[in-house]
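Have a look at the structure below, then the notes.
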2 protein chains.
Amino acid sequence: MRTSSEEDYLKAIYALSNNSDGASTNALANHLNMKASSITDMLKKLSDKGWVHYEKYKGASLNIDGKAIALNIVRKHRLWETFLVNKLNFKWDEVHEIAEQLEHIKSNELVDRLDDFLGNPTFDPHGDPIPNKDHEITDSRKRSYLSEVKINREVIIIGVKDSSAQLLQYLEKENMVLGKHISVLEIHDFDKSLRIAINGKELNISERVAQNVLVQIN
Amino acid sequence: MRTSSEEDYLKAIYALSNNSDGASTNALANHLNMKASSITDMLKKLSDKGWVHYEKYKGASLNIDGKAIALNIVRKHRLWETFLVNKLNFKWDEVHEIAEQLEHIKSNELVDRLDDFLGNPTFDPHGDPIPNKDHEITDSRKRSYLSEVKINREVIIIGVKDSSAQLLQYLEKENMVLGKHISVLEIHDFDKSLRIAINGKELNISERVAQNVLVQIN
DNA sequence: AAAATTATTTAGTTTTGCCTAAATATAAGT
DNA sequence: ACTTATATTTAGGCAAAACTAAATAATTTT
Ligand SMILES: [Mn+2]
Ligand SMILES: [Mn+2]
Ligand SMILES: [Mn+2]
Ligand SMILES: [Mn+2]
């Protein structure tokens with residue numbers, strides 16, 4: 001048996017394990033809005049359960065079982081988000097909180113049927129890849145942040161780095177949604193802000209925004 | 001704020017409050033598979049929160065706020081069951097457990113959109129009425145248990161008293177599903193078992209089964 | 001009406017998941 | 001290298017939601 005809380009910790013460790021080094025206590029505390037001491041407690045428990053490799057003062061990383069659980073939660077989160085947007089007409093900035101709850105519903109049958117009902121989607125409403133039944137993520141697209149794209153190279157918006165409601169609403173307003181084609185026309189020396197071409201128009205965006213938009217390089 | 005546990009208690013009190021008298025401690029303990037002492041603890045808390053009227057040794061009943069919460073949970077439970085059966089092709093005996101979890105997802109927007117997505121259904125897969133947004137149940141059908149129907153009176157199956165998987169699977173196998181027309185041909189003196197006409201055939205069922213099948217009398 | 005049975009409450013305990021405050025380890029600055 | 005700052009752990013505590021065992025109230029039987 002597994003609690004929702006344990007699942008959220010495993011998901012957080014997965015999210016914060018970038019290269020191959022794990023996640024630090026403080027990074028987890030920050031990510032989960034908790035105190036560091038609570039993290040230490042839980043890491044010990046997760047280690048006892050055999051889901052996490054934990055050494056004092058050296059942070060935590062997922063072992064095989066833990067990673068499978070984390071990816072299963074991520075899969076459920078992204079499938080539910082897809083359901084909420086595609087079937088219930090929620091906007092992409094409204095679904096995270098609800099999926100945060102739905103991801104903990106226990107029923108393998110439910111996940112698989114939901115997956116089929118949605119047409120086995122490969123990406124969620126924020127462009128994040130959805131792991132398959134075997135917890136595998138396949139995303140072969142060449143990706144880059146918009147802030148790092150060369151001048152006059154046409155790229156396609158495929159995701160966001162941070163999916164906070166603020167950013168998503170801003171992008172929505174400027175019609176910078178998934179699938180749109182963009183060219184960077186100019187990068188201003190002064191503040192690194194970008195002038196881009198999109199939807200047949202021109203538009204200025206800040207470096208900060210560009211750093212949070214993921215694009216596919218053809 | 002409200003916990004899932006509190007919600008389950010309120011729902012149980014609602015389910016066990018038949019006429020106007022509330023639910024007893026032991027009845028609740030039995031219904032929720034808990035010990036009586038746990039019930040007493042929670043009834044005090046729910047009373048403090050103003051959702052339940054509780055007097056020592058006299059059981060508990062819902063007050064206005066408590067009833068609204070209970071009906072909201074029932075609404076969500078039945079809408080999710082409808083979703084699982086109508087959209088994800090679950091069988092009617094497979095959905096209760098999952099709905100027991102889904103009913104606690106917090107988002108008014110979600111419930112309303114789900115309701116619309118399902119076409120504002122009025123009954124769930126077991127024939128139970130679904131409360132509307134204002135927590136009102138309207139079910140004007142004349143109902144009776146099949147065990148009390150007079151000989152040769154044609155009735156329609158509209159629900160079950162107990163929706164355990166065992167009963168549901170039995171009914172499924174005999175094709176005694178919602179909407180079917182039935183006539184009671186004979187009641188055997190010996191064991192009160194019934195001979196009924198259904199689907200153009202004749203069939204014997206026990207008194208026990210008949211006591212758990214709800215029918216509409218035209 | 002008294003005794004026996006059943007229902008309910010009280011008292012005390014456990015586990016989970018969080019917290020604060022204090023202690024200690026690690027990393028950074030001079 | 002020594003001092004300061006930051007990160008992490010330890011110790012102790014708290015609230016929620018369950019439990020067991022014992023006490024008491026209510027109901028039923030004789
Ligand atoms: Mn979550
Ligand atoms: Mn997402
Ligand atoms: Mn429930
Ligand atoms: Mn039902």
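Because only heavy atoms are used, hydrogens play no part in the values below, and waters and symmetry mates are left out as well, while side chains stay in. First the proteins, then the strands, lettered A, B, ... as listed; each starts at 1.
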Identify every side-chain donor-acceptor pair in residues 130-137 of chain B under 3.5 Å, counting partners at least two apart or on other chains, and give the distances.
residue, atom, partner, partner atom, Å
B:N132, OD1, B:D134, N, 2.8
B:N132, OD1, B:H135, N, 3.1
B:N132, OD1, B:E136, N, 3.0
B:N132, ND2, B:E136, OE1, 3.1

Determine the sole option in B:H77, B:K76, B:R75 for which the side-chain hydrogen bond (donor to acceptor under 3.5 Å, both in side chains) test with B:E103 is passed.
B:H77
[X] has an atom [atom1]; how far is it from atom [atom2] of [N], in whole Å?
{"X": "A:Y9", "N": "C:dT16", "atom1": "OH", "atom2": "P", "answer": "14 Å"}
{"X": "B:M42", "N": "C:dT9", "atom1": "CE", "atom2": "P", "answer": "15 Å"}
{"X": "A:I39", "N": "D:dT8", "atom1": "CD1", "atom2": "C1'", "answer": "11 Å"}
{"X": "B:D41", "N": "D:dT20", "atom1": "CG", "atom2": "P", "answer": "13 Å"}
{"X": "A:M1", "N": "C:dT15", "atom1": "CE", "atom2": "P", "answer": "17 Å"}
{"X": "B:K44", "N": "C:dT8", "atom1": "NZ", "atom2": "C1'", "answer": "10 Å"}
{"X": "B:E6", "N": "D:dA16", "atom1": "CD", "atom2": "C1'", "answer": "9 Å"}

Can you classify the ring geometry of B:F117 versus B:F83 as parallel (below 30°), tilted (30 to 60°) or perpendicular (above 60°)?
tilted
Test item: side-chain donor near acceptor, A:N26 and A:S24, under 3.5 Å
no
Checking B:R153 now: which residues fulfil side-chain hydrogen bond (donor to acceptor under 3.5 Å, both in side chains) with it, not counting sequence neighbours?
none
Could you work out, with side-chain hydrogen bond (donor to acceptor under 3.5 Å, both in side chains) as the rule, every residue matching A:E174, not counting sequence neighbours?
none
Near DNA chain C, which residues from residues 22-36 of chain B have a heavy atom under 4.0 Å away?
B:S24, B:T25, B:N26, B:A36
Heavy atoms within less than 4.0 Å of DNA chain C: which residues of residues 52-63 of chain B have one? Give them sorted by number.
B:Y54, B:K56, B:Y57
At less than 4.0 Å, is any side-chain N or O atom of B:S38 found next to OP1 or OP2 of D:dC19? Yes or no.
yes
Base, sugar-phosphate, or nothing for B:S5, non-hydrogen atoms under 4.0 angstrom?
sugar-phosphate
Closest non-hydrogen atoms of A:A23 and A:S17, given as atom of the first, atom of the second and distance, are N-OG, 4.1 Å
Dump the intermediate steps for side-chain contact (heavy atoms from CB on, under 4.5 Å) on A:I105 and B:I105, then the final yes or no.
CA-CA 9 Å; A:I105 301 293; B:I105 301 293; 4.1 Å; yes
Which atom pairs, one a donor and one an acceptor, fall under 3.5 Å between side chains of residues 29-36 of chain A and the rest of the protein, sequence neighbours left out?
none

Check: C:dT10 base within 3.5 Å donor-acceptor of B:T40 side chain:
no
